[in-house]
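Both ligands and their constituent atoms are indexed starting at 1 by order of listing. Quick note: residue numbers are just sequence positions, from 1.
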Amino acid sequence: MAAVAERVFSGVQPTGNLHLGNYLGAIKRFVELQNSHECIYCVVDLHAITVWQDPEELKRHTREVTAAFIACGIDPKAHIVFNQSQVSGHAELAWIFNCVARMGWLNRMTQFKEKAGKDRENVSVGLFAYPTLMAADILLYRATHVPVGEDQKQHLELTRDIAQKFNTDFAPSIAAYGHGEGYFPLTEPLIAGPATRVMSLRDGAKKMSKSDASDFSRINLTDDADAIAGKVRKAKTDPEPLPSEEEGLKGRPEAENLVGIYAALSDSSKAQVLKDFGGGQFSAFKAALVDLAVAKLGPIGADMQRLMNDVSAIDAILADGAARARALADQTIRDVKDIVGMVRA
Ligand code: TRP
């Protein structure tokens with residue numbers, strides 16, 4: 001295999017209402033990985049349009065995710081932040097992967113089955129091909145590591161299957177062009193553990209979600225201090241005091257969720273949080289959680305608002321990121337065309 005340094009790629013869909021779950025489950029990890037890896041973070045607008053998006057909203061949401069990345073601490077100079085549609089290599093490589101991946105592989109994708117439901121005849125072709133575009137995102141940069149949630153694990157396995165099949169289907173050509181054994185790496189997922197799974201503030205059995213009808217179910221990244229405080233105070237709990245050990249959280253999903261949020265926001269553990277608050281009432285714990293959440297999220301929300309008010313600054317960041325991404329992507333596209341046998345005249 002050609003020597004490829006460790007490189008992280010991940011994508012976030014611009015579908016609006018970024019919340020605490022997106023932060024603790026994904027973006028906070030993206031920020032941390034900057035210290036150890038070369039990172040490429042992409043706002044995947046081509047994926048978003050696999051279901052219809054209002055054009056003005058799509059633009060707004062693309063800039064909003066970009067603002068969230070920056071406000072949360074992603075450095076767009078040291079790393080790369082851009083939106084997918086500005087680098088045409090994503091769509092080009094996705095087409096080639098559509099010809100590598102097998103119908104049977106895509107038919108097994110559980111996310112497609114869930115999203116399409118009973119309406120399979122009426123969803124877009126793009127929704128079916130979503131996973132090959134995702135493989136293209138990752139392999140266009142020959143990324144070695146991809147931080148994602150548990151729900152994306154199957155898409156990462158498919159990405160490896162596509163890489164492997166490409167490497168074997170074109171093995172002689174790959175060798176002839178001097179890329180050794182294989183051109184694409186077998187990318188590893190970095191799966192976020194259950195500790196980073198944030199549940200609804202109204203129902204500890206449901207994931208915190210942008211599409212929940214109640215705004216009290218989630219803390220949006222753009223919420224101000226008053227909104228954050230109100231939502232934490234109204235968060236569902238149970239009548240018992242907090243346990244002193246993690247074992248005592250079993251069967252108490254709301255308590256477990258709030259303790260988990262406190263632990264994640266304070267870079268601590270549930271066990272430590274329960275050492276500090278165990279035996280006490282929820283009222284005291286919630287007051288502390290309000291202070292912590294406002295201290296951590298307040299500045300992020302304020303920064304996002306500030307950035308969102310300067311569209312040209314955000315667009316300049318995306319343009320710069322896209323230019324640097326394109327330089328990497330163009331090399332891959334040239335290599336792949338040679339390998340597959342497309343004349344570059
Ligand atoms: N499918 C991912 C999600 O819904 C988003 C995504 C698109 C992605 N391309 C990617 C994630 C590449 C990681 C790598 O969360």
For Tyr183 and Asn167, what are the C-alpha separation, side-chain angles and deciding distance, and is it a side-chain hydrogen bond (donor to acceptor under 3.5 Å, both in side chains)? CA-CA 6 Å; Tyr183 182 69; Asn167 287 344; over 6 Å; no

Polar proximity ligand 1 side, Gln111 side, N/O cut 3.5 Å exclusive: no

For Asp137 and Gln84, does a side-chain donor sit closer than 3.5 Å to a side-chain acceptor? yes

Starting from atom 9 (N) of ligand 1, find the nearest protein heavy-atom neighbour and note its residue, name and distance. Asp137 OD2, 2.7 Å

Val44 heavy atoms, cut-off 4.0 Å: which ligand 1 atoms fall inside? 7 (C), 9 (N)

Walk me through it: do Thr222 and Gln305 pass the test side-chain hydrogen bond (donor to acceptor under 3.5 Å, both in side chains)? CA-CA 7 Å; Thr222 47; Gln305 297 288 6; 4.7 Å; no

I need the nearest protein heavy-atom contact for atom 12 (C) of ligand 1: residue, atom name and distance, please. Phe9 CE2, 3.5 Å

For atom 5 (C) of ligand 1, what's the nearest protein heavy-atom neighbour? Residue, atom name and distance, please. Gly11 O, 3.6 Å

Under 4.0 Å, heavy-atom basis, I'd like to know which part of Val148 is in contact with ligand 1: side chain, backbone, both or neither. side chain

Heavy-atom nearest neighbour in the protein, as seen from atom 1 (N) of ligand 1, with distance rounded to 0.1 Å: Tyr130 OH, 2.7 Å

Location of contacts on Gln152 toward ligand 1, heavy atoms closer than 4.0 Å: side chain

Return yes if a side-chain donor-acceptor contact under 3.5 Å exists between Gln86 and Asn83, otherwise no. yes

Per-atom contacts, ligand 1 versus Val146 - under 4.0 Å to a heavy atom: 13 (C), 14 (C)

Do Asp45 and Thr62 have side-chain atoms, one donor and one acceptor, less than 3.5 Å apart? no

Region of Leu133 engaging ligand 1 - heavy atom pairs below 4.0 Å: neither

Between His19 and Asn220, is any side-chain donor less than 3.5 angstrom from a side-chain acceptor? no

Decide salt bridge (Lys or Arg N to Asp or Glu O under 4.0 Å) for Asp330 and Arg326; before the verdict, give the C-alpha distance in whole Å, the side-chain angles of both, and the deciding distance to 0.1 Å. CA-CA 6 Å; Asp330 284 353; Arg326 213 175 282 128; over 6 Å; no

Is it true that Lys153 and Glu157 have a side-chain N and a carboxylate O under 4.0 angstrom from each other? no

Which of the atoms in ligand 1, numbered in the order shown and given with their element, are less than 4.0 Å from a heavy-atom of His47? 7 (C), 9 (N)

